Amino acid sequence: MSELRLREDLNAIPGYTPGKAAPQAETTGPVFKVSSNENPYPPLPSVTAAIADRLAHINRYPETAATALTAVLCERFGVEPVNVVLGSGSVEVVSQLMRATAGEGDEILFAWRSFEAYPMLARAAGAVPVMVPLTDDHRHDLDAMRAAITDRTRLILVCNPNNPTGTTIGDAELDRFLAQVPPHIVVVIDEAYVQFNDRDDSPVGIEYFRRYPNVAVAHTFSKAYGLAGMRIGYAIAPEQLGVALRKVAIPFGVTDLAQTAAIASLAAEDELEARVAELVVERERVVAAFTTAGLALPESKGNFVWLPLCDATAAAAELLERHGLLVRPFPGEGLRATVAEPEANERLIALAPEIAALVAPAEAVLASR
Ligand SMILES: *Cc1c(COP(=O)(O)O)cnc(C)c1O
């Protein structure tokens, strides 16, 4: 068998492992996939109707400039079309940002643990991911991130709220950080969960875009808007960057149906916001249950919770799976569970004492040393 000559640096990227398809649930009733932070609500009828209307046009390529959607976003954010760059999900937007700023050997700086796609996309861009550990309370360590800036740093990602820990940064600390970042380095605020973030002093990414000429914001329709399957997201970026992002974008990467669904979703925002509000209430119910059970969770401002279970992570994930909840475990660290339909949240809440008990013995051992 002949060896194919592929890029050697790709060996540093772990292959994608898809989530388990068939769980061995010992439970009766439905199995809930709470591993991908999807919105549990079905698409709005107005959105599916708009998509259905456009189905007759799928023999045509989508309009690359996405004129109609771009106009809606420009109006909303008070920006120009050049500032709006769409992607096949904001994951593609993040990839564009990396490929437009960093070449071989350049550094892309972000917190860790954060969004799993960051290191993979950075390596795929040929860049070097520089991962700055979160603080002990699972938050971005902005001082350490600033200290990690080098001559090779081209891009800094700030994920707020952070996936998978749900933690946030405040206005004052972000401002202090940005004031110290050299202005030639692009800083992206990834606001995939911004609609779920009810922190009082939360920075608003778009305001930082207005104030700092090196700041861009990444938004997605996958989470609060419930369009994960449509694959659409966007960046609001300074003009010079916007022009560059278009050069590295996948041609025709955003379908007409996705553009249509996004416009219809923006038009139905009140309905979607009501859903977000319900998920936020559910999130607080889950957090409260774990607190009562004796496991303190970091304050989550996303549509998910982070259980910092350390060595008990795998056991907890197994326990949850047996009860029909497929979560996202990071062995040795913790697990992320999406706040989903009430029935799924109810199951998680019911298991809170058992999960908390998995951690308690380990703590007792540590304390006795
Ligand atoms: C889900 C997510 C995204 C975007 O996902 P897409 O479906 O590609 O739009 C981006 N950033 C973070 C941190 C996310 O969790």
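Because the structure is a prediction, the values reported are computed rather than measured. Computed over heavy atoms, backbone and side chain alike; hydrogens, waters and symmetry mates excluded. One-based numbering, in listed order, for ligands and for the atoms of each.
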Q. Within the structure, does Ser88 bring an N/O atom to less than 3.5 angstrom of an N/O atom in ligand 1?
A. no

Q.
Is there a side-chain contact between Leu358 and Leu309 in this structure, where contact means two heavy atoms from C-beta onward sitting under 4.5 Å apart?
A. no

Q | Side-chain touch Met98/Arg154, heavy atoms, less than 4.5 angstrom | A | no

Q: Determine whether the side chain, the backbone, both or neither of Phe221 has a heavy atom under 4.0 Å from any heavy atom of ligand 1.
A: neither

Q.
Just to check, does Arg231 reach to within less than 4.0 Å of ligand 1 when the distance is taken from its heavy atoms?
A. yes

(Q) Does the residue Cys159 have a heavy-atom contact with ligand 1, meaning some pair of atoms that are separated by less than 4.0 Å? (A) yes

Q.
Taking the ring centre of each residue, are His219 and Tyr225 less than 6.0 Å apart?
A. no

(Q) Need the ligand 1 atom indices (1-based, order shown) with element for anything under 4.0 Å from a heavy-atom of Gly89. (A) 6 (P), 8 (O), 9 (O)

Q) Does Tyr193 have its ring centroid less than 6.0 Å away from the ring centroid of Phe304? A) yes

Q: Determine, for Phe209 and Arg211, whether the Lys NZ or Arg CZ falls below 6.0 Å from the six-membered ring centre while staying within 45 degrees of the axis.
A: no

Q. Given side chains that start at C-beta, do those of Asp190 and Tyr118 come closer than 4.5 Å, heavy atoms only?
A. yes

Q.
I need the nearest protein heavy-atom contact for atom 10 (C) of ligand 1: residue, atom name and distance, please.
A. Ser90 OG, 3.2 Å

Q | Closest to atom 15 (O) of ligand 1 (judged by heavy-atom distance), picking from Tyr193, Phe115, Phe304, Tyr118 | A | Tyr193

Q: Tell me which protein heavy atom sits closest to atom 2 (C) of ligand 1, plus the residue, atom name and distance to 0.1 Å.
A: Lys223 NZ, 2.4 Å

Q. Side chain or backbone of Val91 under 4.0 Å from ligand 1, or both, or neither, by non-hydrogen atoms?
A. both

(Q) Taking a cutoff of less than 4.0 Å between a non-hydrogen atom of the residue and any ligand atom, is Gly233 in contact with ligand 1? (A) no

Q: Just say parallel, tilted or perpendicular for the rings of Trp112 and Phe110, cut-offs at 30° and 60°.
A: perpendicular

**Q.** Test of proximity, Ala192 against ligand 1: N or O pairs below 3.5 Å
**A.** no

Q. For the residue pair Phe330 and Trp306, does the interplanar ring angle fall in the parallel (under 30°), tilted (30 to 60°) or perpendicular (over 60°) class?
A. tilted

Q: Consider ligand 1: state whether an atom of it lies below 4.0 angstrom from any non-hydrogen atom of Asp190.
A: yes

